[in-house]
Number of protein chains: 2
Amino acid sequence: MPHRDDSVETIHQELTAFARRARATAARMHPELSLVSYTLLAHLDDQQGCRATDLAAHYCLDKSTVSRQIAALEKLGFVERRVDPDDHRVQVLHPTEKGAQTLANVTASRRQAFQERLADWDEADLDRFASYLARYNATQESRD
Amino acid sequence: MPHRDDSVETIHQELTAFARRARATAARMHPELSLVSYTLLAHLDDQQGCRATDLAAHYCLDKSTVSRQIAALEKLGFVERRVDPDDHRVQVLHPTEKGAQTLANVTASRRQAFQERLADWDEADLDRFASYLARYNATQESRD
DNA sequence: AAACTGCGTTGTACTATACAACTACTTTGA
DNA sequence: TCAAAGTAGTTGTATAGTACAACGCAGTTT
């Protein structure tokens, strides 16, 4: 079934090509918030706060990596820690006002860059592309 | 136009999620050939040899980065350098027999992983997904 | 010939990452 | 009840990938 193979090969190559560039592009656009920091902060914002361990599990990162990333975000004043009164081992992490503001700015400008890149796509194509990506990643997540 | 915004946001998030994981997944699957090395070697194979400068330009990497990656690939015996007879500053890079063989193995196993992940997609969806990704990346490339 | 340009390497620094060892706290079960 | 086992997070250490700057060498231009 050669056609199917070709499609899979293209998806493989194009996703790889994207992955190669994403970090660098993110860093160029937002020196103050790396791709990883951005993602973690966005998750905190989205979840209304969570634990470091949850972040590690969700993003398949080592807890030490998360610990250091959070330490950096805290140093920048973007995140605050609240010790869980029920379990003193646990720190519940929340974006600060400043963190939420910076996140909103970065999100807006990232979204704008994407908008520009996708400006000449019609809505049906955008919609299908979005759902394909979501479907693809959902499969991936269940394997990680 | 809220629907359009939603699609763009999803694409943004899903591509970012993918990017976050791609390196780690690649490293787990193929400790002998990182995502970057793999990509560079694949390009050499595809182009039937090229210069370090060409690789740097094509992948938006610094020449020093390429220089070190190529040095590593050479040390592994995957790449050989041939000095251009017309210009002694230039080294034309080629995969070795061993490099081409390893590349083929890695490509095959990466492709298989993708095949499995995409096994329950029908052909029309695969085809559309592939062309959306290609279209997306083509836009991106012209901006880099 | 001297100045300029282009290719590649090396020195240095930084970020993201993992793994292992550790501290501090909580839960369990005999 | 209290010791053993488990869990949350930090820190030490090591590695990969990356950029920028300074350099050396080989061609090219004036």
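In what follows, chains are A, B, ... by sequence order, proteins preceding strands, each numbered from 1. Keep in mind it's a predicted model, so treat the numbers as computed, not measured.
Atom P of nucleotide dG9(D) and atom CG of L73(A) are separated by 15 Å, given to the nearest angstrom. We find that CG of D62(B) is positioned 17 Å from P of dT12(C), with the value rounded to whole Å. Rounded to an integer number of Å, the gap from L35(B) CG to dT18(D) C1' is 14 Å. Residue Y59(B) contributes atom OH, which lies 15 Å from atom P of dG17(D) at whole-angstrom precision. Atom pair E74(B):CD and dG8(C):P shows a separation of 13 Å (rounding to whole Å applied). Between the CG atom of L55(A) and the C1' atom of dA8(D) there is a distance of 13 Å, rounded to whole Å.
A residue-by-residue look at T65(A) and T53(B) shows that T53(B) has its nearest nucleotide of DNA chain C further toward the 5' end. Both V92(B) and R68(B) sit near DNA chain C, but only V92(B) has its closest nucleotide nearer the 5' end.
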Below 3.5 Å between N/O atoms, which protein atoms pair up with nucleotides 23-30 of chain D? Just atom names and distances, please.
| residue | atom | partner | partner atom | Å |
| --- | --- | --- | --- | --- |
| dG27(D) | OP1 | H88(B) | N | 3.1 |

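Between the side chains of E97(A) and Q101(A), no donor-acceptor pair of N or O atoms lies under 3.5 Å.
In this view, F129(B) and Y132(A), W121(B) satisfy the ring pair (Phe, Tyr, Trp, His ring centres under 6.0 Å) rule, not counting sequence neighbours. Residues meeting the side-chain contact (heavy atoms from CB on, under 4.5 Å) test with R89(A), sequence neighbours left out: D87(A). For F114(B), the ring pair (Phe, Tyr, Trp, His ring centres under 6.0 Å) partners two or more places apart in sequence, or in a different chain, are H12(A). Residues satisfying the ring pair (Phe, Tyr, Trp, His ring centres under 6.0 Å) test with H43(A), not counting sequence neighbours, are H58(A), Y59(A). Contacts of S34(B) classified as side chain to side chain donor-acceptor pair (under 3.5 Å), with partners at least two apart in sequence or in another chain: S37(B). When the side chain to side chain donor-acceptor pair (under 3.5 Å) test is applied to E74(B), the partners found at least two apart in sequence or on another chain are R81(B).
Alongside V83(A), the hydrophobic cluster contains no other residue (criterion: ILVMFWY side chains under 4.5 Å).
Under 4.0 angstrom from either OP1 or OP2 of dT17(C) there lies at least one side-chain N or O belonging to Q69(A).
Checking each of N105(B), L35(B), T102(B), V106(B) against H30(B) for a side chain to side chain contact (heavy atoms under 4.5 Å, CB included) leaves exactly one that passes, namely V106(B).
Residue S64(A) places its side chain closer to dC19(C) than to any other of dA19(D), dG8(C), dC19(C).
Within the structure, the side-chain hydrogen bond (donor to acceptor under 3.5 Å, both in side chains) test picks out the following pairs touching residues 47-57 of chain B (sequence neighbours left out): R51(B)-D54(B). Within the structure, the ring pair (Phe, Tyr, Trp, His ring centres under 6.0 Å) test picks out no pair touching residues 73-109 of chain B (sequence neighbours left out).
In the helix from dA1(C)-dT30(D) to dA30(C)-dT1(D), the rotation axis of the first five pairs and that of the last five pairs differ in direction by 0°, rounded to 10 degrees.
Contacts between residues 43-52 of chain A and DNA chain D, counted as heavy-atom distances below 4.0 Å, involve R51(A), A52(A).
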